[in-house]
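Heads up: the structure comes next, in structure tokens.
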Amino acid sequence: MKRALEVALGIVTSIGGYLDVGAIATAAQSGALFGFRQLWVVALGTICAIFLVEMAGRFAAVSKHTIRAAMREQLGAGFFTYTLGASTLVNVLVLASEIGGVSLALQLVTGVGFRWWALPVTVLAWLLLWKGTFSMIENGIALLGLVTLAFVVAAYRAHPPYGDLARGFVPRELTSAGAHYWFVAVGILGAIISPYLFYFYSSGAIEDTWDESHIGINRLVAGVGMAFGSVVAIGVLVVSAVVFRSRGITVDRYDQAALALVPAFGRWGFYLFAASLGISCLGAALESSLSTAYEFAQGFGWSWGESVRPSGAARFSATYTVTLALAALPALAGIDPLKLTLFTMALNALILPTVAIPFLVLMNQTRYLGRHTNGRLSNVVTVAIIVITFVLAAVSLPLEIVGG
Amino acid sequence: MLRITALALLLLHSACGGSPAPRPHPTPAQQTAASWRATAIFAVRAWAAGEVPRPFVRRTLATAARDLATSPAMRPSDTLVQRLQDAVEAGNRGAALRLVADLERASASATAPPRRGAPAGASR
């Protein structure tokens, strides 16, 4: 019974925690610009994320090591330091986008400009991390995140042409699509395959004291939870396609995206959008702050743990404090959160190979995984993911310049 | 034979000449400007129906007016967005809806394909 509850909670939190500012921004822009034509990108990103999340959880459950700590042990301090630098830069930008997202949600509700909310939002996130426990962050915020299911209901109510919708899952016009099509596609993949997600998930497995008996739960949470979670992102894309594309609105700012749920829910729609944006961004802000602190602490061998009192993990707590302070700056400076998000998602894609390659190395080490090393299918998929991440990394910067 | 061929070519030419000219693909600036006009219309309609709060519409219209004012695709009818701001500021839903209808007409006539025989670009 306890296990069944654990599975249910894991799946529910995966659904509630799936969306973040990047997923909302890229899916909304994709739907508005290209209709259903990029649904296949969401599906591809979700498949990659399912495999990587499952591997991150399995690795932690069996080896009692996080991916980051094992990277340091197996791949050396040089590789670790380089990837930590790149990952920290991207994490800070992701966090800045999330803080911008929560601030914008508050701007929508109160009418007070988002820059004024940047500092209170940062302090709130810091307080939640300082005072809260891991399960409160993991379960509480993600359960609140179920409000994002409003997008799925709105998509259903919009009566999209289901034939066109189904055709969106098949990649077409690959050679004829323009630079902006690929820029948005890279952004969608960068938003779904977020590096911080895997480090957070494997650290969470250690925080929750997972062992080999959790392998089944891990598989269910990663597979079913992420698959259902992607339905929310698909909901955003479909709603955007139906509401905005038909009106010729291209979603260049969140002001425009805020109208997405109004046709389906009227006055409630506006506030449901604000709640979805605010809660999902707050959850992702907590996760990405923690992820940076986890990466530093696990790599340098500091004491760490969100459920440990801050005085017991001083350097860990100091790291997320500094990360949050740095990430507040773009919103305080008034940088447009949507533009920052789209830029960051493309940058996310640039560092993905450094995330994916260690999985292939680590997941085949019997020293860590014993009989739970990767099977043939997992290795084939991991190699395919590495190829995809290399392509994304190679095209992300040129596309940022040409198509962004 | 030559006369029949010439007649057939003339008929073919007149038949093809009657078809509307293909619409030029909008530039990114035109697309963004059109998007802001559509946003203004959508937001004001939603406000008039009581579906979105006034501060949100005010801010959206201010952004739309600012972006349109600096856009190379700006049109004279875009001053309607500024007048919409005034109407929303005054809380005058009736005036706002009339201005929305004007903006819609201006947008529709600007995007309509040229009439038969009318020179390209004649439609406002």
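Chain letters run A, B, ... following the sequence lines, proteins first and then strands; every chain starts at 1. Only a predicted model underlies this, so the values are computations on that prediction, with no experimental measurement involved.
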>> Which heavy atom of B:S35 sits nearest to which heavy atom of A:V251, and what is that distance?
In response: OG-N, 4.4 Å
> Relative to chain B, which segment of A:V109 carries a heavy atom at a distance below 4.5 Å: side chain, backbone, both, or neither?
Replying inline: neither
>> Looking at every non-hydrogen atom in both residues, tell me the closest pair between A:V262 and B:A46 and how far apart they are.
In response: CG1-CB, 4.2 Å
> What is the distance from atom CD of B:E51 to atom CG of A:L261, rounded to the nearest 0.5 Å?
Replying inline: 12.0 Å
>> Please determine whether the number of non-hydrogen atoms from other residues, nucleotides or ligands lying under 6.0 Å from atom CZ of B:R59 exceeds 12.
In response: yes
> Any side-chain heavy atom of B:I41 sitting closer than 4.5 Å to one from A:R247?
Replying inline: no
> A:F244 versus chain B, heavy atoms under 4.5 Å apart: side chain, backbone, both or neither?
Replying inline: side chain
> Run the side chain to side chain contact (heavy atoms under 4.5 Å, CB included) check on B:T32 and A:D252 step by step: do they pass?
Replying inline: CA-CA 8 Å; B:T32 307; A:D252 300 302; 3.7 Å; yes
> Is there a side chain to side chain contact (heavy atoms under 4.5 Å, CB included) between A:R253 and B:D67 once you walk through the steps?
Replying inline: CA-CA 11 Å; A:R253 285 175 194 265; B:D67 279 26; 3.8 Å; yes
> How about B:V52 and A:F273: do any of their side-chain heavy atoms sit closer than 4.5 Å?
Replying inline: no
>> Quick check: closest heavy atoms across B:T39 and A:Q256, and the distance to 0.1 Å?
In response: OG1-NE2, 3.0 Å
>> If I take atom CH2 from residue B:W36 and atom CG from residue A:D255, how far apart are they, to the nearest 0.5 angstrom?
In response: 5.5 Å
> If you tally heavy-atom pairs under 4.5 Å against chain A, which of B:A38, B:P28, B:P55, B:A64 wins?
Replying inline: B:A38
